[in-house]
Amino acid sequence: MLLVVAAFIVAFVLLLYMISPLISPKPLKLNGAHVVVTGGSSGIGKCIAMECYKQGAFITLVARDEAKLLQAKKEVEKCAINDKQVVLCISVDVSKDYGQVESVIKQAQEKLGPVDMLVNCAGMSISGKFEEVEVDRFKRLMEVNYLGSVYPTRAVITTMKERRMGRIMFVSSQAGQIGLFGYTAYSPSKFALRGLAESLQMEMKPYNIYVTVAYPPDTDTPGLAEENKTKPLETKLISETSGVCQPEQVAKIVVRDAIVTMGLFRTIALFYLGSFDSIVRRCMIQREQSKAADKRE
């Protein structure tokens, strides 16, 4: 009996996987697209910008450190495939003031056009035993890792809805899927991104805007090097079980998933959420019909 059930599940999953190209959105063409990358001055963010630039995108790099931004700009520009491409740098703390974030995104759109894809990569990590982490650190991680993604997303979403197109990527962490020793401050801030992404996807799907989340493992970045200085022994031993990835490889996977937005697990999720999506779409149509009727009156 168990074998029959298992076989049915496997067959069902394979069927969903085969029909996924029929129900998935069209891949986003990066050639000529405007891609905004927060946390783009180093690590995964910089490598994502480079990967997009290799495919012909126009890039806006957003980060706090202006000197690092300018250095990253030079590295990204080396990946150009034509002489029309542009890399714009904007120095701002995306976690502090929404008004500022909205203003700089507006500037970027005035210079390079509407944002086609937003990659929320700004983030930081602090590790330590719960009672040893300073209380204000919990607040700071939620500001940077969560609000630092909320603010840029809010700044681009209206234009994306008007254009009926867009991609939004949240870069979480493996610690955003499972709570780990030493990450009582970090893991919740990354878990929050999943809740945001899943809720936002349900709102945005009727507008042809697709949201994805990346969960990279430990990656060889300046942030990881800094984190390792204070990482508890238990956390180090846990981290060593999955090894360390290179940011270039992580970037390739993140960009691929962002522009295609359809994998096996996303296909399964669509099956379960299909009825909810139809409710959302019907409500949107009813509101638009109501607005149109009010205008006629």
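Note: hydrogens, waters and symmetry copies are ignored here, and every other heavy atom, side chains too, is used.
Ion pair K106/E102 not flagged as a salt bridge, since none of the NZ, NE, NH1 or NH2 atoms sits closer than 4.0 Å to an Asp/Glu carboxylate oxygen. Ion pair K46/E75 flagged as a salt bridge, since at least one NZ, NE, NH1 or NH2 atom sits closer than 4.0 Å to an Asp/Glu carboxylate oxygen.
Checking S239 against D218 by side-chain atom types alone, a donor-acceptor pair falls below 3.5 Å. S91 and D65 are not linked by any side-chain donor-acceptor pair at a separation below 3.5 angstrom, with hydrogens and angles left out of the test.
By the 6.0 Å contact criterion, CD on E66 is open, its count of non-hydrogen atoms from other residues, nucleotides or ligands being 12 or less. Applying the 6.0 Å contact sphere to NZ of K252 captures no more than 12 heavy atoms from other residues, nucleotides or ligands. Crowding of I178 atom CD1: a count of heavy atoms from other residues, nucleotides or ligands under 6.0 Å not exceeding 12.
M117 and M165 fall within a single hydrophobic cluster, where Ile, Leu, Val, Met, Phe, Trp and Tyr side chains are chained together by heavy-atom contacts under 4.5 Å. Residues V62 and L88 fall within the same hydrophobic cluster, defined by Ile, Leu, Val, Met, Phe, Trp and Tyr side chains chained together at heavy-atom separations under 4.5 Å. In the hydrophobic cluster analysis, where Ile, Leu, Val, Met, Phe, Trp and Tyr join through side-chain heavy atoms closer than 4.5 angstrom, L30 is grouped together with L61. In the hydrophobic cluster analysis, where Ile, Leu, Val, Met, Phe, Trp and Tyr join through side-chain heavy atoms closer than 4.5 angstrom, M142 is grouped apart from I126. Placement of L193 and L200 within a single hydrophobic cluster is found when ILVMFWY residues are connected by side-chain heavy-atom separations under 4.5 Å, directly or transitively.
Nearest heavy atom pair, residue P247 against residue T221, reads CB-CG2, 4.4 Å.
Residues that satisfy the salt bridge (charged side-chain N to carboxylate O under 4.0 Å, His left out) test with D93, not counting sequence neighbours, are R140. Annotation: salt bridge (charged side-chain N to carboxylate O under 4.0 Å, His left out) contacts of R163 (sequence neighbours excluded): D116.
Taking 4.5 Å as the limit, some side-chain heavy atom of T60 sits within range of a side-chain heavy atom of L112. In this structure, the side chains of Q85 and Y53 come closer than 4.5 Å at one or more pairs of heavy atoms. For the pair V171 and N120, the minimum side-chain heavy-atom distance is 4.5 Å or more. Side-chain contact between V36 and V156 is absent, with no heavy atoms from C-beta onward closer than 4.5 Å. Annotation: side chain of P222 is not in contact with side chain of E226 (no heavy-atom distance under 4.5 Å). Contact of the S95 side chain with the Y151 side chain is not registered, since no non-hydrogen atoms from C-beta on lie closer than 4.5 Å. Put simply, the side chain of V254 reaches to within 4.5 Å of the side chain of M169, judged on heavy atoms. At least one side-chain heavy atom of I209 sits under 4.5 Å from a side-chain heavy atom of K161.
Q201 contributes a side-chain N or O that, together with a main-chain N or O of V211, makes up a donor-acceptor pair within less than 3.5 Å. Of the possible polar contacts, one joining the Q109 side chain to the V115 backbone as a donor-acceptor pair under 3.5 Å is found. S173 places no side-chain N or O within 3.5 Å of a backbone atom of Y215 that could act as its donor or acceptor partner. A donor-acceptor pair is defined here as one N or O able to donate and one able to accept, closer than 3.5 Å; no such pair exists between the side chain of S172 and the backbone of A214. Looking at H34, its side chain does come within 3.5 Å of a backbone N or O of G113 through a donor-acceptor pair. Between the R167 side chain and the Y210 main chain, no donor and acceptor come within less than 3.5 Å of each other.
Atom NZ of K68 sits about 5.5 Å away from atom OG of S42, to the nearest 0.5 Å. In this structure, L237 CG and K231 NZ are separated by 10.5 Å, a value rounded to the nearest 0.5 Å. Here K190 contributes atom NZ and L141 contributes atom CG; the two are 9.5 Å apart, rounded to the nearest 0.5 Å. Here the OG-OH distance, from S127 to Y183, works out to 5.5 Å after rounding to the nearest 0.5 Å. Here CG of L196 is found 7.5 Å from OG of S149. Values are rounded to the nearest 0.5 Å. The distance from atom CZ of R164 to atom CE of M204, rounded to the nearest 0.5 Å, is 10.5 Å.
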When you look at D220 and C245, which way does the side-chain contact (heavy atoms from CB on, under 4.5 Å) test go after all the steps? CA-CA 6 Å; D220 187 12; C245 292; over 6 Å; no

Run the ring-ring contact (aromatic ring centres under 6.0 Å, His included) check on Y186 and F191 step by step: do they pass? CA-CA 9 Å; Y186 178 67; F191 263 80; over 10 Å; no

Stepwise, does the side-chain contact (heavy atoms from CB on, under 4.5 Å) test hold for V119 with V35? CA-CA 7 Å; V119 182; V35 178; 4.3 Å; yes

